[in-house]
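Right, one structure below, let's go through it.
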Amino acid sequence: MASTIIIPFLPPNHNPKPHLKFSTSTSASPNPTHSIPPRNLTHLLRLSTQTQNLNLGKSIHSIILKSQHYNDHTRLLNSLISVYLKFNRLIDARNAFDEMPSPDIASFASLISAYSKIGREIDAVLLFDQMRQLGIFPNGFCFVALLTACIRNSNCELGTQIHALAVKAGSCDCVYVANAVMGMYVSCGFFEDALDVFDKMNERDVSSWNTVISAMVKDCRYREAFELFREMKMEGEFGDRFSISTLLSAMSQGFSLEEGEAVHAYALKLGLDFDLSVGNALIRLYTQLSDIEKVIGVFDRMPEKDVISWTGMLNGFMEFGFIESAVDIFEKMPKRNIVSYNALLAGFCKNGEGLRGLRLFQQILKDGPKISDFTVTSVVNTCAMVGERKKSEQIHGFVIKMGFTSNAWVEAALLDMCAKCDRVEDAEKIYDRKIQKGSFPITWTSLISARARNGQPEEALSLFQSGLKRDDLMDVIDEVTLATVLGVCGSLGFAVMGEQIHGFAYKSNVVGDIGVGNAIVSMYSKCGNLENALNFFNQMHRHDLVSWNGLINSYLNYRKGDEALNAWSKMELLGQKPDHITFLLIISACKFTTSNSVSTCQNLFLSMLSSYNIKPSLEHYSAMVDVLSCWGHFDEAKNLIISMPFKPDASIWRALLENCKKHSNISLGRQAIQKLLTLEPKDPSSYTLISNLYSASGRWHCSNKLRQEMRLNGLKKIPAKSWIIHQNTVHSFYGRDKSHSQSKDIYSGLEVLILECMKAGYEPDTSFVLQEAEEYQKRHFLFYHSAKLAVAYGVLVARPGEVVRVMKNVRLCGDCHEFFKVVSSVTGRRILVRDGSGFHRFEGGECICGDCW
DNA sequence: GTAGGGTTAG
């Protein structure tokens, strides 16, 4: 059967032994190899590649081996090598190469290129040296090959050497070599060197421009990228799909609308708008530029779509919160890969659909593709958002089991998840293990905000300060970290530190970041410096929704209702759309207007749905009830409670009760009490409030009964805590607390202060003492309230003229309020107390809050 | 082609 020269075209799965006893020695032709001229063998080799038949190539290899005659036919062996390389048989190719008695430049070049392509630069360099030792002069092809390896491995050291050799050899005049040199510098991040090579080139092709443009994009120098693009056109180079898609991606990263549209228009002119990669880049561009209609337009017009286009469209919808459209796209995609799944998962997370995200993850595990670190990061983030401790532990275990924990992104996500799922200790454990350098600022920020959220201000602050000691501080502190820490300063009232961080932000050039700016405004406002807050707001370049909400809230903190409503009008005038928070704020602002603003408030409330399509939530109803009852419109408040689509919760009854107290509306107050006690029988703050209602209306008996009941229920008040910052340290006090190191001085100082104030007309009001006790004991309780201790400390240590700033976790009691008024006039000090209800600013015997008690 | 920590309210 095996006949002479007819070489069988075996099916691809037929795999005979390499050195097969081939028909070469059969009887039909006693010495057949001699009869095949090398030209024909070359022909057959080409056929082997064309028909994808490796066995044919191998057969020819053995023919060549058997015949000494062919050994010096370098060209033939070169063809053989390229056949092997086409089939990715590097070892076979190398064997063939090693069999060659006199390899030429082409032989070397093919193998150098083959090694380079797979990143084995050492083997490539060895061959390169060997070649030079043999006196063979490297050509441009070899240089390009070696540079390709350097690009692959970002090996700048070798790359620079090759560059020098290429210059010496005069190869750099070749545009391909110069392009590769640039590419090498770009991949190593040496953008200036790349530019330098580019500037020196005599001849440039479109790849040269593309390389240098993409270098600028990688270096975030979008404007320069765009300038180069202009220059390119002026030099008569039109650009291709690569130039266009690179530029478009630059514009989408640089968020430049006009330039992006200009490039789009240019792509249309070149007829490249139907190109796949250009279309994909356009989808991304318009997603970033928040133009969903254009995204859809581009997507619909694309004649050819790949999985990237579909995923891009999915991301586009998710970006705009069109969750169902995104899901629809996902279901319609003709092909999905893990990136598409990741996009859907991340989109669920971004849009608050945590449970759907977790369900999707289950599905991915069941029938989806192999998960990646992206998948893991997304599911961990989703879990962080859901916030359930138990689920987070499950996911955590899974991630460990799958061996993803060494990835920096995953690690940071895990830490954040622990921080948000009530597992701060676990978060700390991750933090204490050696956190990978790149993710330090992120994990650090997560942990700081977790501690602040957890009511551990001192720990948050000390963590921040320990980070400040790092010498690479400037590299790791960025906008987000600063915004977080400013938030901590604000919520804890660290005025001095807040100011320092403002200065730091200024120095490190990030005050322009809108998030940092918003945080600065809120920090000043919460630290009692409304003026600085307003000044900073006014000098911000740009305001977004959060900025305006922050401004309104700043006014609200100081009970400046009219100003808050003015800010709202301005915001509306400037076209800034409000959100549910805005409405919560402006409705609440109506409590603090100088004249009755009930009708304004009602109109605002009605406009929520009709004009802004924001459905009022229970919180909005609660705020409305507060405003109505605050102005004494109890009937309207009652009607609203009855008609609202929610079951009234404790906050509504509490608001109502508080205002009943204010207007001495005992009968409605009593109803509110009953509701409150059924809803929250265990909440001590309800009892405090109720007791205050009775006390205020002189019903001592009821008040006493209530206290009895409280005792029977075993309720304790949330311990009131006040603190003050002095010399970057938090000094906190509980009632009758003697743990402070300067406790003695503070107590005697306070006693002097009380005596002085009594002389000036302060009368202790023991009705604010809820404990059952003799009158003298009550006074004792009253005098050493935490806020009084903190203020006394502040008065003792503050520099002349300095404002005494005290923070309190719960509301200031009425007696302290009266007392501080007098203290401010007796000592001539300005005293600022921030409590649960906002600010009290005591100055010259008055409080800005008017009669908040 | 995709990703992490934040700023307003509570």
Side-chain angles (χ1 to χ4, degrees), chain A residues 245 249 252 276-277 279-281 283-284 287 306-316 318-319 337-347 349-350 372-382 384 407-417 419-420 427 438-450 452-453 476-488 490-491 510 513-523 525-526 543-554 556-557 578-588 617-620 622-623 651 836:
Chain A
S245 46
S249 93
S252 56
L276 180 62
S277 55
N280 288 346
I283 290 180
R284 223 163 86 83
T287 302
D306 64 0
V307 63
I308 298 177
S309 333
W310 285 91
T311 309
M313 191 63 242
L314 193 164
N315 277 321
M318 280 301 193
E319 203 58 47
N337 59 19
I338 186 62
V339 180
S340 339
Y341 280 94
N342 291 348
L344 188 64
L345 185 58
C349 182
K350 221 180 288 171
S372 71
D373 46 352
F374 274 86
T375 327
V376 174
T377 314
S378 285
V379 76
V380 171
N381 290 334
T382 310
N407 179 287
W409 292 86
V410 175
E411 201 179 30
L414 280 174
L415 188 147
D416 190 57
M417 177 184 74
K420 284 182 181 150
S439 50
F440 169 75
I442 293 175
T443 49
W444 186 46
T445 313
S446 291
L447 204 52
I448 291 176
S449 61
R453 263 198 310 267
V476 301
I477 293 192
D478 62 3
E479 294 90 330
V480 180
T481 316
L482 286 177
T484 308
V485 177
L486 282 162
V488 175
S491 61
V510 296
D513 180 88
I514 196 143
V516 172
N518 294 340
I520 289 175
V521 171
S522 130
M523 179 276 294
S525 149
K526 287 182 176 171
H543 297 121
D544 65 2
L545 174 63
V546 177
S547 322
W548 286 102
N549 286 351
L551 177 72
I552 296 173
N553 187 46
S554 296
L556 205 55
N557 277 338
D579 69 352
H580 66 287
I581 296 173
T582 318
F583 277 101
L584 213 50
L585 295 170
I586 52 180
I587 291 172
S588 308
S617 71
L618 179 60
E619 281 172 302
H620 295 101
S622 176
S651 75

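As a basis for the values below, the full set of heavy atoms in this structure was taken, side chains included, without hydrogen atoms, waters or symmetry mates. Letters A, B, ... are given to chains in the order of the sequence lines, protein chains preceding strands, and every chain is numbered from 1.
In this structure, A:Ala343 reaches neither bases nor backbone, as no heavy-atom distance under 4.0 Å exists between it and the strands shown. Residue contacts shown for A:Thr311 include a base, since a base heavy atom lies under 4.0 Å away. Backbone-only contact: A:Asp416 has heavy atoms under 4.0 Å from sugar-phosphate atoms and none from a base. Residue contacts shown for A:Val307 include a base, since a base heavy atom lies under 4.0 Å away. Counting non-hydrogen atoms under 4.0 angstrom, A:Leu585 reaches the backbone sugars and phosphates but no base.
The separation between A:Ile338 atom CD1 and B:dT2 atom C1' is 11 Å, rounded to whole Å.
Looking at A:Asp513, its side chain comes within 3.5 Å of the base of B:dG6 through a donor and an acceptor atom. Contact of A:Thr445 with B:dG6 (side chain to base): no donor-acceptor pair of N or O atoms is detected under 3.5 Å. Applying the 3.5 Å distance criterion, the base of B:dG1 shares no donor-acceptor pair with the side chain of A:Asp306.
No side-chain donor-acceptor contact under 3.5 Å links A:Ser378 and A:Asn381.
A sub-4.0 Å separation between OP1 or OP2 of B:dG6 and a side-chain N or O of A:Lys420 is present.
In this structure, the separation between CD1 on A:Ile552 and OG on A:Ser525 is 12.5 Å, given to the nearest 0.5 Å.
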